[in-house]
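This report concerns only the one structure given below.
These numbers come from a predicted model, not from an experiment.
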Amino acid sequence: MANNLFTEMQDKDGRQRSTSSSTPAGPLANVESEIKLMKEEMDGEDKGETPSLTCLEDIMDTVGSRGRWNVLLFLVCSFASLLNAFITMSYQFFGVTPDHWCRVDSLKEANWTDQQILNLAIPFDNKTGLHAKCHMYDYNYTKAALLGYDASLTQHYDLADQDTPRVVSCSARDFNLTQHESSVVTEWDLVCDRRVLYSTTQAANQIGYIISSVLTPLFTDRFGRRPVALCVSALALLQGLVSCSSPSIELFIILKCTLSAATFSLVTCSFLILMEVCTPSTRSTFGSLFGLAWAAGCMMLPGIAYLVRPWRSLQAALSLPNFIFLLSWRFLPESPRWLLLQDRYEDTEKLVARIAATNRTKVPSRDVLRAALTRFSHQMRSKQDQRDLDNVKEESEHKLRNKMSASLRYVLSPYSTPKLASRMCLLLMAWIFTACTYYGISLNANNISVDPYLYMFLGGVCEVPAYILLLVLMVWAGRRPSLCGLFLICGLCIAVNAALMFAFTSVPMSAKIILLLLGKMAVAAAFQLVYLFTAELFTTQQRSLAICHCCFAGRLGSIASPYINDILGETAVWAPSAVFSLMALLSAFVSFPLPETLNKNLPETDRDLAQSEEEEDDSRNPLSSDPSV
């Protein structure tokens, strides 16, 4: 406004000069001095009312980054993490495995009791004090049913074809249903040689994560974060209810896979929205506390599973909370960074106005805000994207090839430079080791012979101080040192537990629980930090792809964790802990070369990323920036 008024007065003054050259010099000098003074005053007023807007974070700071709107957004987005905990960590409760033994149909038809069948048909181990779970004696059970229990017990050698009865495996089991009424294990006999199918139900959950990691960035970058979040939430609700009526284990595994894909896509979209609205001053807080909802889900889950024992009813109870998330559709915003990439300035302005109204702050003037948003939008677009667009226009005869080439460059954009490629490789390895360690510890109750309800609840409780500690560590020590230190603590705690279980036949239960929960506390904080760290290391155009690529890699590790626990754990109960401790130590090693991102804006362009890398190189090698060297 000041500039327009100044221009009009200058034009008027110029016309006066051309029409009247005899005007005294004194009055002209006074007018010019008054115009100059007025311009300075108006410029000063503008500067006082409108702060400097050099990046999107400045706009967020202007309208409020810690107000009621921001807290409400955090609660809505983190609720998706609670839903994800319900789906991911319910593995042990769907598959509660009561005592079981080989089924002998001839004796069951003769109305023998379970204890009578155990006494005659099932081998007993004097060392463990337990009956065999997957083997039985090779007797003529039709003859035993005719003789009766007492006669068969005294004449059991006559029931065998040889002097020493053979021990054989069986194809079906009976379960002690007084311990647990209904689970996927009891319904589909997922023990012994079919135990791998039970591990596959958890692996299917992680495969769903992989599917989500591949598809989510394509949909979020094309349609936006918000619509994808709402669609997958509705899809998760529908799939969860449909899976309650699964007639076979195969269909249940498929539905479990698609359900976890939808749920994890919801978490990814929610996390992206939250991080892309935050400023550097709030990103550490909201990023570290985002995991509190996951911890709350882990604490609530055993209570729900204890009250709702039949697995079909439990599946419905864990799926219904998706409806609560759908109720937030009016509040859930679109990412302002994605809106700017789509040139949707009016939607961005409405979002900024809504934040300001809720936080009761002032909004920059429309002209100033539009100019700043336009500038930020142009800055977000890299020169490489423009070259790709030009190539497509110039070579119209090769449209398909160019589109495929552009798509490939888009998918591989997090690897576009040697430094980015090496950074991604380190992150991919860190995610694989972290995910395998976290899920391996969280679902290791069977190998340490502890009640799964208690273990899951304590695991959720220990994650609460983990995320609070993470916030302090990130502010005090930064991202990279905190990540490496947490991995080292985790690896050492689990290694000590494995060593005790290997060296001693009897280790106090309290010692095993404490060591494993300390390790879980450290790896839970590290897992949350690696999410935040990955988001801060890439530009807006690369961010969702980088996170999803890393999630894809992480799920490879988490797919392995149930097989390590269930299959390797049957060979040696200490072996899973030894594997997970090694992975945690390797995670610390590969995390050390990553750059520090504490108190830095999210990079918008390749230039911002290059500048950040130069600053990191200078901080690691101060002599390189010293002009005297």
Hey, is the main chain of [Y] close enough, under 3.5 Å, to the side chain of [X] for a donor-acceptor pair?
{"X": "T88", "Y": "A85", "value": "no"}
{"X": "W338", "Y": "D221", "value": "yes"}
{"X": "S183", "Y": "V96", "value": "yes"}
{"X": "R480", "Y": "S591", "value": "no"}
{"X": "R479", "Y": "E596", "value": "no"}
{"X": "K256", "Y": "I87", "value": "yes"}
{"X": "R312", "Y": "S182", "value": "no"}

Can you see whether [X] engages [Y] through a side-chain donor-acceptor pair at a distance of less than 3.5 angstrom?
{"X": "T268", "Y": "T216", "answer": "no"}
{"X": "N84", "Y": "T263", "answer": "no"}
{"X": "R225", "Y": "S270", "answer": "no"}
{"X": "S233", "Y": "W329", "answer": "no"}

Test W431 against S587 for side-chain hydrogen bond (donor to acceptor under 3.5 Å, both in side chains), laying out the working first. CA-CA 8 Å; W431 275 74; S587 298; over 6 Å; no
Run the numbers on Y198 and D189 for side-chain hydrogen bond (donor to acceptor under 3.5 Å, both in side chains), then give the verdict. CA-CA 9 Å; Y198 170 56; D189 191 23; over 6 Å; no
Parallel, tilted or perpendicular: which one describes the rings of [X] and [Y], with boundaries at 30° and 60°?
{"X": "F74", "Y": "F286", "answer": "parallel"}
{"X": "F325", "Y": "F79", "answer": "parallel"}
{"X": "Y209", "Y": "F264", "answer": "parallel"}

When the ring centroid of W311 is compared with that of F252, is the distance short of 6.0 Å?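 Centroid distance W311-F252: below 6.0 Å, so yes.
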Is the F93 to Y453 ring centre distance short of 6.0 Å? yes
salt_bridge(E334, K350) N-O dist < 4.0 Å: no
